[in-house]
Amino acid sequence: MTPLVLTLAAIVSIPAGVPGGVVAVPVPADVVAVHFNDDAALLYRHHALVGLPLDTTPGRYHITARDGHGSTAQVPFDIAHKDYPEQRLTIANPRHVNPAPEDLRRIERESARMRDAYALMTPSAGNFHPFARPVAGAVTGTFGRRRILNGEARSPHRGLDIAAATGTPVVAPAPGRVAVTGNFFFNGNTVLLDHGDGLVSLYCHLHEIQVQEGDHMARGAALGTVGATGRATGPHLHWTVALRGVMIDPVGLTETLARLNAPADDAGGASARAQ
Ligand SMILES: [Zn+2]
């Protein structure tokens with residue numbers, strides 16, 4: 001048996017990610033578990049997929065890879081700096097910028113419900129690719145923008161906004177189970193899909209919800225329609241994706257999954273490159 005640390009020598013380039021992105025760290029084929037900061041990361045096609053929180057400090061980091069014999073090794077990756085632009089929005093309902101006390105109680109309840117959903121860890125067949133956009137339309141709000149609402153700084157935008165006409169169907173990007181449906185203070189009519197293995201996705205501001213909690217969705221099945229419910233300046237889909245509880249740029253996840261499923265990567269982990 002070749003020690004894990006020696007098989008790692010075959011990996012020459014150090015992969016790189018950005019805060020708010022997902023990094024794919026190649027690991028040898030005999031690796032059975034990967035961890036980052038003591039949290040189990042997703043092992044996918046001989047890579048550790050790690051979601052990087054928006055507030056992560058750039059620098060050199062490591063995952064821990066473990067093989068079937070219990071040997072472990074540290075595998076490095078870099079987090080590069082990324083400048084996220086500022087977005088200024090005017091919100092018509094002032095309570096959507098400075099919520100009233102009763103709103104805050106509702107927001108706290110809804111946040112707790114969402115935290116539980118983001119922490120879901122259910123089995124999956126790993127059928128994540130292609131993780132296509134759930135609705136066609138222009139991107140009007142990219143992930144990570146620092147938001148100024150009615151002149152006041154608010155939390156960064158942890159999703160992708162896609163503009164489309166009210167009533168446009170929104171479809172599941174990958175198979176999943178409907179874990180949450182409801183009307184939320186900021187997010188409006190919302191559906192949360194659990195794709196398994198700690199990958200969940202969220203669809204907000206829907207005009208209509210067409211599924212129920214517990215429904216199993218095939219890739220491409222409609223879950224609702226585009227609307228402007230909750231805190232929205234016009235009809236659009238707000239799409240959030242979280243991996244192991246970390247909200248990441250959906251575009252980055254889609255692209256990473258596509259790269260790892262490209263024919264050139266079928267041989268395994270040695271072909272990853274910094275990007
Ligand atoms: Zn949004």
Side-chain angles (χ1 to χ4, degrees), residues 18-22 51-55 82-99 103 106-107 110-111 113-115 117-118 131-173 179-193 195 199-209 223-243 245-255:
V18 295
V22 58
L52 307 171
L54 257 180
D55 58 0
K82 179 169 181 177
D83 262 325
Y84 285 104
E86 193 178 274
Q87 180 174 35
R88 290 178 175 271
L89 292 173
T90 301
I91 306 292
N93 180 352
R95 277 169 67 173
H96 279 151
V97 179
N98 291 303
D103 299 333
R106 177 182 169 189
I107 291 163
E110 294 177 351
S111 300
R113 199 172 163 209
M114 278 300 151
R115 273 195 300 275
Y118 286 133
F131 203 75
R133 284 198 192 168
V135 66
V139 171
T140 50
T142 49
F143 180 94
R145 286 192 183 195
R146 296 167 293 118
R147 286 183 300 188
I148 315 290
L149 305 184
N150 299 358
E152 298 185 42
R154 288 294 178 267
S155 60
H157 187 237
R158 289 189 170 88
L160 185 73
D161 290 336
I162 305 168
T166 297
T168 306
V170 176
V171 304
V180 176
T181 67
N183 181 272
F184 291 76
F185 183 78
F186 290 122
N187 290 336
N189 291 332
T190 294
V191 171
L192 185 140
L193 294 184
H195 303 288
L199 179 65
V200 303
S201 59
L202 188 70
Y203 306 82
C204 304
H205 311 306
L206 299 172
H207 179 65
E208 200 183 356
I209 295 174
L223 57 85
T225 58
V226 170
T229 54
R231 187 174 73 189
T233 54
H236 73 285
L237 177 71
H238 172 100
W239 184 29
T240 283
V241 172
L243 179 61
V246 177
M247 289 185 224
I248 52 172
D249 185 355
V251 176
L253 178 69
T254 297
E255 291 175 353

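We use all heavy atoms of the structure for the numbers below, so side chains are in, but hydrogens, waters and symmetry mates are not. Note that ligands are numbered from 1 as they come in the structure, with each ligand's atoms numbered from 1 the same way. Everything numeric in this text was worked out from a predicted model, so none of it was measured.
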Legend entry - 2.8 Å cut-off met by an N, O or S atom of His238 to the Zn ion (ligand 1): yes

Inset, instruction - List for me each residue that meets ring-ring contact (aromatic ring centres under 6.0 Å, His included) alongside His207, sequence neighbours excluded, and say none if there are none. - result: none

Inset, instruction - Please check if any side-chain donor atom of Thr140 sits under 3.5 Å from a side-chain acceptor atom of His236, or the reverse. - result: no

Inset, instruction - Write out all pairs satisfying salt bridge (charged side-chain N to carboxylate O under 4.0 Å, His left out) with one or both partners inside residues 148-169, taking only residues at least two apart or from two chains. - result: Glu152-Arg154

Legend entry - Matching residue for Leu206 among Thr190, Leu223, Thr166 - test: side-chain contact (heavy atoms from CB on, under 4.5 Å): Leu223

Inset, instruction - Look at His205 and state whether any of its N, O or S atoms is less than 2.8 Å from the Zn ion (ligand 1). - result: no

Inset, instruction - Quick one: the OD1 of Asp161, the Zn ion (ligand 1), NE2 of His157 angle, rounded to 10°, please. - result: 100°

